[in-house]
Amino acid sequence: MLMHYLSGLGILLFGAVHIFTIFFTYPFQATIWETTLKFDSIPFAILPVYRNALLAASLFGLLLCTTVHAMNGLRTVIAELVGFRNKWVDRILIAVGVFLTVYGLRTILIAHLLV
Amino acid sequence: MLSQREGRTKVLQSLRVMLVPGRYGLERWSFVLQRISGVAVSLYFIAHILETGNFVGGITVWTVPEYSFAEAAHQKSVELLKNPVFDVGLAVIGFLVALHTFNGLRLILTHFGFLVGKPGRPEPFEQPASLNARQRALFWLSISLAVFALLYTLDALMGVFRV
Amino acid sequence: MTEYVKFLVYRYRPEDGKKGVYADYDVPVKKGMTVLDGLIYIKENLDPTLSVRFSCRMAICGSCGMRVNGLEMLACHTQILGLRRKHIIVEPMRNFPLLRDLVTDMTPLFMKQKALKTWLIRRDELEQENPTIQYLQSEEELGKYLQFTYCIQCGLCYSACPVVSTFPAFLGPQSLMKVYRYFADSRDEVGRERVSFVDKFEGVWRCHFAGSCSAVCPKGVDPALAIQLLRREALK
């Protein structure tokens with residue numbers, strides 16, 4: 001449970017950075033489709049964010065914390081939905097979590113190294 | 001072990017308890033909303049990781065591709081996602097994320113024993129100490145911030161509040 | 001003119017092998033009459049086969065816990081006119097095996113409590129069996145747990161808890177509250193070991209602070225508060 005609290009607080013920290021770079025860099029000026037979701041033309045578009053090592057690392061932190069928090073949360077909800085714990089549910093959730101982390105890390109690295 | 005039919009009945013009963021707050025008051029609403037938002041945001045998170053993967057060319061790409069290839073892949077993803085249905089869906093996710101975050105912070109505080117009051121000598125028909133005004137205020141604050149997130153996300157995605 | 005209120009009472013007979021049904025009864029009501037008085041009226045005048053458990057009629061014994069209009073209440077502690085409804089739906093408590101009509105089997109509650117050793121324990125066995133001295137406490141020491149001694153074990157919190165409904169192995173609000181009650185008592189010598197009894201998946205971590213237990217407690221015991229305080233100890 002401590003892991004759930006800590007990963008939640010981690011999401012709060014890294015998520016704040018993520019939300020800031022996407023939603024608050026051009027407030028009330030243009031939609032994010034015209035600004036931060038552009039590929040590479042302006043500051044805080046997709047690639048400039050990934051190229052910055054600190055922001056990319058924070059995205060990985062967010063990925064890691066969210067995976068842990070989401071999979072642990074789903075484990076709780078599933079156990080309470082069916083009324084008992086099942087080790088296969090835990091294993092599947094761990095597998096999904098590992099896949100998401102690896103796949104997300106791949107995206108971050110590719111976008112970070114893309115020139 | 002439950003039979004398949006009993007298992008289905010059990011899950012349906014559990015769903016009813018998890019999704020219907022009944023007459024138990026605000027904390028039960030908080031429990032239900034926290035659960036719904038948690039599951040919804042988890043599913044969104046999985047979809048989001050898969051979708052951002054497409055921005056650099058999808059699951060088949062594991063080495064750094066050509067710049068033009070990634071740019072074209074990003075353009076294709078944007079064309080697929082940029083429509084009002086996804087925009088409204090994302091705004092709802094924004095609402096749920098904000099709600100889960102701020103209500104979650106309140107719950108962490110209560111789980112550590114803060115803001116729940118102290119044991120006392122209860123009077124008949126007195127409101128329980130743990131369900132106090134501070135808790136209610138913080139719950140409504142979470143709802144307010146979530147509504148702000150909903151409106152801000154709608155504006156950021158669709159420019160609805162712009163002339 | 002006498003005022004009538006319609007009682008919709010859940011009827012279940014295990015020997016019929018069928019699901020329960022709601023039977024309706026018109027009950028004449030006057031000021032001061034409780035839901036339990038209404039049920040006794042039905043039993044005496046309309047349908048003697050109705051099974052309902054009660055004893056003290058004054059919210060002391062905790063026998064007549066049931067769901068009235070979708071909320072757990074003691075029937076003897078609930079004024080019919082106070083509900084301000086023309087229809088009153090009376091159902092047995094949830095999360096307990098149903099025996100008949102409004103009567104449930106309270107065994108799960110008592111077994112969980114027993115497993116958690118919810119009584120005062122002294123390390124000295126001789127002293128435990130034959131106490132030789134008085135154990136004095138200050139007002140402050142008493143205040144730490146007094147509220148939780150008001151529990152009458154009616155089971156309403158156990159019935160209202162959404163986690164017990166969905167995950168039956170959960171120890172439940174009443175048992176966890178009792179653990180805190182003895183943990184906070186300066187006369188008890190088990191100490192932090194009591195916290196280790198509940199520091200597990202089925203224990204204190206399954207509480208999600210839905211607050212329904214405290215919302216329905218007829219004695220103002222506030223089990224949700226006790227569980228959060230217990231969890232604070234488990235997090236130390």
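All values reported here derive from a predicted model rather than from experimental measurement. Chain identifiers are assigned alphabetically (A, B, ...) following the order of the sequence lines, protein sequences preceding nucleic acid strands; residue numbering begins at 1 within each chain.
Residues C:E72 and B:Y24 are in side-chain contact: their nearest non-hydrogen atoms beyond the backbone lie under 4.5 Å apart. Residues B:P119 and C:Y145 fail the side-chain proximity criterion, which asks for heavy atoms closer than 4.5 Å. Counting only heavy atoms from C-beta outward, the side chains of B:R28 and C:P162 approach each other to under 4.5 Å. C:F209 has its side chain within reach of B:Q135: a pair of non-hydrogen atoms, C-beta onward, lies under 4.5 Å apart.
Expressed to the nearest 0.5 Å, how far CG of C:L229 lies from NZ of B:K118 amounts to 11.0 Å. From C:C213, atom SG reaches atom CG of B:L131 across 8.0 Å, with rounding to the nearest 0.5 Å. Here CG of B:L107 is found 8.5 Å from CD of C:Q228. Values are rounded to the nearest 0.5 Å.
For B:R23 against C:L71, the heavy-atom pair with the smallest separation is O-CD1, 3.5 Å. The nearest pair of heavy atoms linking B:A129 to C:L225 is CB-CD2, 4.4 Å.
In C:E15, the CD atom is crowded: over 12 heavy atoms of neighbouring residues, nucleotides or ligands sit closer than 6.0 Å. The local environment of CZ in C:R11 is crowded, with over 12 non-hydrogen atoms from other residues, nucleotides or ligands closer than 6.0 Å. Crowding of B:E66 atom CD: a count of heavy atoms from other residues, nucleotides or ligands under 6.0 Å not exceeding 12. Open room surrounds CH2 on B:W29; 12 or fewer heavy atoms of other groups in view lie less than 6.0 Å from it. Heavy-atom neighbours of C:K6 NZ from other residues, nucleotides or ligands within 6.0 Å: above the threshold of 12.
Ranking C:A59, C:A234, C:S165, C:C207 against chain B, the residue ahead of the rest is C:S165, based on heavy-atom pairs under 4.5 Å. When each of B:L15, B:V17, B:V11 is scored by its heavy-atom pairs under 4.5 Å with chain C, the top score falls to B:V17. Note on C:N69, C:V216, C:I227, C:V221: by heavy-atom pairs under 4.5 Å with chain B, the leading option is C:N69. For chain C, the option among B:H111, B:Q13, B:E27 with the highest count of heavy-atom pairs below 4.5 Å is B:H111. Of the listed residues (C:K236, C:Q147, C:K219, C:E233), the greatest number of heavy-atom pairs within a distance under 4.5 Å of chain B belongs to C:Q147.
Heavy atoms closer than 4.5 Å to chain C are found nowhere in B:S30, neither backbone nor side chain. Within the 4.5 angstrom heavy-atom criterion, no atom of B:Q127 approaches chain C. With a threshold of 4.5 angstrom between heavy atoms, C:R181 does not approach chain B through any atom at all.
A donor-acceptor contact under 3.5 angstrom links the side chains of B:R35 and C:H208, judged on distance only.
Ion pairing between B:R121 and C:E139 holds under the 4.0 Å rule for side-chain N and carboxylate O.
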